[in-house]
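A short worksheet on the structure shown next.
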Amino acid sequence: MQISKIFTGSSGLGPKVRDVSMADRERLFFLMAQMLRSGQTSESGLRAVAKAFKTEGKDDISSGLLAIAQKVAQGKSLSKAAEIEYILFTDIHRAAIMAGEASNNMYEAFSVLRKLEDKKMESQRAGFAELFTPIAMLLLSFASIFNTGLNTLPNLMQMRKAQGKDPNMVSEFVMNFTHGVAAHWHFIAAFLVIFIIVSYSMIRTTQGRFWLDFYLLKVPLLGKYTSYKVYTNMLLYFPHLIRSGVKPKQMIPIMEALATNVVLRRRIDMFNQVITAGGQMSDAMDKAGFPPIAVTPVKVSENYAGNTDGINDVMVEGMDHAYTILDRLLTDANSRFVGVTSAFLWIAGGAVMLMEMLSIVFAQN
């Protein structure tokens, strides 16, 4: 763990930006792309964008950008300098900037980042709109059934007992469950707090994070989605790098930065070994775990001699096509996940409401 990630705020160490909205980040990428397109250097562009955020009252973003600009002025690359603001520029963002530096096309890097951030906002808005209502319904249903179980049912059951009627199973279950949770809520809360602390401590270790990512990839559907997401991010930048004449060996640091999953990051070593041994790009991608839909067009294009400039246009086109397909699959998977989750929440909320109504009805009859 870096020292800068330990200390914060008043000590002067750590990032100046502690929280940033996707809207602000999207605008930051847009302004940086415009600055670089107009011929500004990275340093002057950062200072100009920092001034713009300063006038809008967003002093933390402005200070963070000025700190990065200072590091750039001292001779560091933008991707390296951005490490001090790891909340404003995540690993994915710095990998994109690194790709822009390698291909000598920083404008393209920030343009892609802006489009991705805009797409992320649209996806989040759609998911939030579809999930907010059923989540609210489920929470309100639980609040209602606890009120019924703690306050209403005991009185109804007393009346039922006074009438000489036997208690019914549904009302007894609701009443016992709610009273049990109310009586032991402090134990439940303590268990959850301890579980969260232990889990967080484990995943902060190298081995703990490895096992978390390892088992995450084993989860049906979710594991495939996670790996496809990483490889799709790589395919987004590969064509730009190849077009700019970047060699496969030079892509490895960018691939490692894009591989947010530790297990997938270790597979990049296999990519490195194949390339170092003189192997083909398609073999290296296959060893690194890329899906066949991405490996096949690369394998086909390796027999193409390329244009007079030495750029393999067929490989670039194949990677673009593979990215489009994988991105479509990820979008469809995300939509299905939101749809299934929304249906489950509706059913769960309805079941809780039905249980509450049945417990009252049975207690009265």
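The environment of His321 atom NE2 is sparse: at most 12 non-hydrogen atoms of other residues, nucleotides or ligands sit within 6.0 angstrom. Open room surrounds CE on Met353; 12 or fewer heavy atoms of other groups in view lie less than 6.0 Å from it. Counting heavy atoms of neighbouring residues, nucleotides and ligands inside a 6.0 Å radius, atom CZ of Phe210 exceeds 12 of them. Counting heavy-atom neighbours within 6.0 Å of Glu317 CD, excluding the residue itself, gives a total of 12 or less. When the shell of 6.0 Å around CG of Leu221 is examined, it contains 12 or fewer heavy atoms from other residues, nucleotides or ligands. Within a 6.0 Å sphere centred on CD of Glu56, other residues, nucleotides and ligands contribute more than 12 heavy atoms.
Looking only at distances, a side-chain donor or acceptor of Arg265 sits under 3.5 Å from a matching main-chain atom of Ala259. The backbone N or O of Ala257 lies less than 3.5 Å from no partner atom in the side chain of Asp91, so there is not a single donor-acceptor pair. Ser359 places a side-chain N or O within donor-acceptor distance of the main-chain N or O of Glu356, the cut-off being under 3.5 Å. Between the side chain of Glu85 and the main chain of Val17, a donor-acceptor pair closer than 3.5 Å is present. Of the possible polar contacts, none joining the Tyr107 side chain to the Met35 backbone as a donor-acceptor pair under 3.5 Å is found. Glu101 places a side-chain N or O within 3.5 Å of a backbone atom of Ser79 that can act as its donor or acceptor partner. Side chain of Thr324 to main chain of Asp320: a donor-acceptor pair is present (N/O by atom type, distance under 3.5 Å, no hydrogens or angles). The backbone N or O of Ala33 lies less than 3.5 Å from no partner atom in the side chain of Arg114, so there is not a single donor-acceptor pair. Listed for the Asn155 side chain is a donor-acceptor partner under 3.5 Å among the backbone atoms of Asn151. In this structure a side-chain-to-backbone donor-acceptor pair under 3.5 Å is present from Glu302 to Ser282.
When side chains are defined from C-beta on, Met202 does not count as touching Ile197, because their heavy atoms never get closer than 4.5 Å. Residues Leu36 and Ser42 have side chains in contact (heavy-atom distance under 4.5 Å, counting atoms from C-beta outward). Two residues are said to be in side-chain contact when any heavy atoms from C-beta on lie closer than 4.5 Å; Lys165 and Lys161 fail this criterion. Counting heavy atoms from C-beta outward, Glu83 and Phe89 have side chains that stay 4.5 Å or more apart. Residues Lys54 and Leu66 have side chains not in contact (no heavy-atom distance under 4.5 Å, counting atoms from C-beta outward). No side-chain heavy atom of Tyr323 sits less than 4.5 Å from a side-chain heavy atom of Arg328. A heavy-atom distance below 4.5 Å is found between the side chains of Arg25 and His93. Looking only at side-chain heavy atoms (C-beta outward), Leu28 and Leu65 come within less than 4.5 Å of each other.
Using a cut-off of 4.0 Å between Lys/Arg side-chain N and Asp/Glu carboxylate O, Arg266 and Asp213 are scored as not salt-bridged. Using a cut-off of 4.0 Å between Lys/Arg side-chain N and Asp/Glu carboxylate O, Asp283 and Lys287 are scored as not salt-bridged. A salt bridge links Asp24 to Lys58: at least one charged side-chain nitrogen sits closer than 4.0 Å to a carboxylate oxygen.
Put simply, CE on Met319 and OH on Tyr237 are 15.0 Å apart, with the number rounded to the nearest 0.5 Å. Atoms OG and CE, from Ser144 and Met355 in turn, are 13.5 Å apart once rounded to the nearest 0.5 Å. Of the inter-residue distances, the one linking Leu354 atom CG with Ile347 atom CD1 reads 12.5 Å to the nearest 0.5 angstrom. Going from atom CZ of Arg47 over to atom OG1 of Thr41 covers 9.5 Å, rounded to the nearest 0.5 Å. Asp60 CG to Leu88 CG: the interatomic distance, rounded to the nearest 0.5 Å, is 8.5 Å. Expressed to the nearest 0.5 Å, how far CG of Leu326 lies from CD1 of Ile293 amounts to 5.5 Å.
Leu192 is connected to Phe146 through a chain of hydrophobic side-chain contacts under 4.5 Å among Ile, Leu, Val, Met, Phe, Trp and Tyr, so both are in one cluster. Under a hydrophobic-cluster definition in which Ile, Leu, Val, Met, Phe, Trp and Tyr are linked whenever side-chain heavy atoms come within less than 4.5 Å, directly or via other members, Phe177 and Met157 are assigned to the same cluster. Residues Met270 and Leu217 do not share a hydrophobic cluster, clusters being chains of Ile/Leu/Val/Met/Phe/Trp/Tyr side chains in contact below 4.5 Å. Tyr225 and Tyr215 fall within the same hydrophobic cluster, where Ile, Leu, Val, Met, Phe, Trp and Tyr residues are linked whenever their side-chain heavy atoms come under 4.5 Å apart, directly or through other members. At a threshold of 4.5 Å between side-chain heavy atoms, the hydrophobic network of Ile, Leu, Val, Met, Phe, Trp and Tyr places Ile325 and Leu235 in one connected group.
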Go through the steps for Asn168 and Ser171 under the test side-chain hydrogen bond (donor to acceptor under 3.5 Å, both in side chains), then give the verdict.
-> CA-CA 6 Å; Asn168 66 86; Ser171 300; 2.8 Å; yes
Taking it one step at a time, do Asp118 and Glu122 satisfy side-chain contact (heavy atoms from CB on, under 4.5 Å)?
-> CA-CA 6 Å; Asp118 185 63; Glu122 291 180 3; 3.4 Å; yes
When you look at Lys247 and Leu241, which way does the side-chain contact (heavy atoms from CB on, under 4.5 Å) test go after all the steps?
-> CA-CA 8 Å; Lys247 303 301 180 185; Leu241 296 171; over 6 Å; no
Derivation and outcome, salt bridge (Lys or Arg N to Asp or Glu O under 4.0 Å), residues Asp313 and Arg243 = CA-CA 8 Å; Asp313 296 330; Arg243 251 188 232 110; over 6 Å; no
Hey, mind stepping through Ile68 and Lys76 against side-chain contact (heavy atoms from CB on, under 4.5 Å) and telling me if it holds?
-> CA-CA 9 Å; Ile68 296 173; Lys76 286 190 175 182; over 6 Å; no
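Asp332 and Ser335 are not linked by any side-chain donor-acceptor pair at a separation below 3.5 angstrom, with hydrogens and angles left out of the test. No side-chain donor-acceptor contact under 3.5 Å links Asp59 and Ser63. Remark: the Lys249 side chain and the Thr276 side chain contain an N/O donor-acceptor pair separated by less than 3.5 Å.
Geometrically, Arg27 engages Phe53 in a cation-pi contact, judged by NZ or CZ lying under 6.0 Å from the ring centre and within 45° of the ring axis.
Among all heavy-atom pairs drawn from Thr260 and Arg209, the shortest one is O-NH2, 3.2 Å. Of all non-hydrogen atoms in Ala109 and Gly100, the two that sit nearest each other are CB-CA, 3.8 Å. When all heavy atoms of Leu131 and Val338 are compared, the pair lying nearest together is CD2-O, 3.7 Å. Taking every heavy atom of both residues into account, Val352 and Ile145 meet most closely at O-CD1, 3.8 Å. The two residues Ile275 and Pro248 come nearest to each other via the heavy atoms CD1-CB, 3.9 Å. The nearest pair of heavy atoms linking Ala363 to Leu153 is CB-CD2, 4.1 Å.
Ring-plane geometry between Phe29 and Phe110 is classed as tilted, the angle between the planes lying from 30 to 60 degrees on a 0 to 90 degree scale. Classification of the Phe214-Trp211 ring pair by plane angle, with boundaries at 30° and 60°, yields perpendicular.
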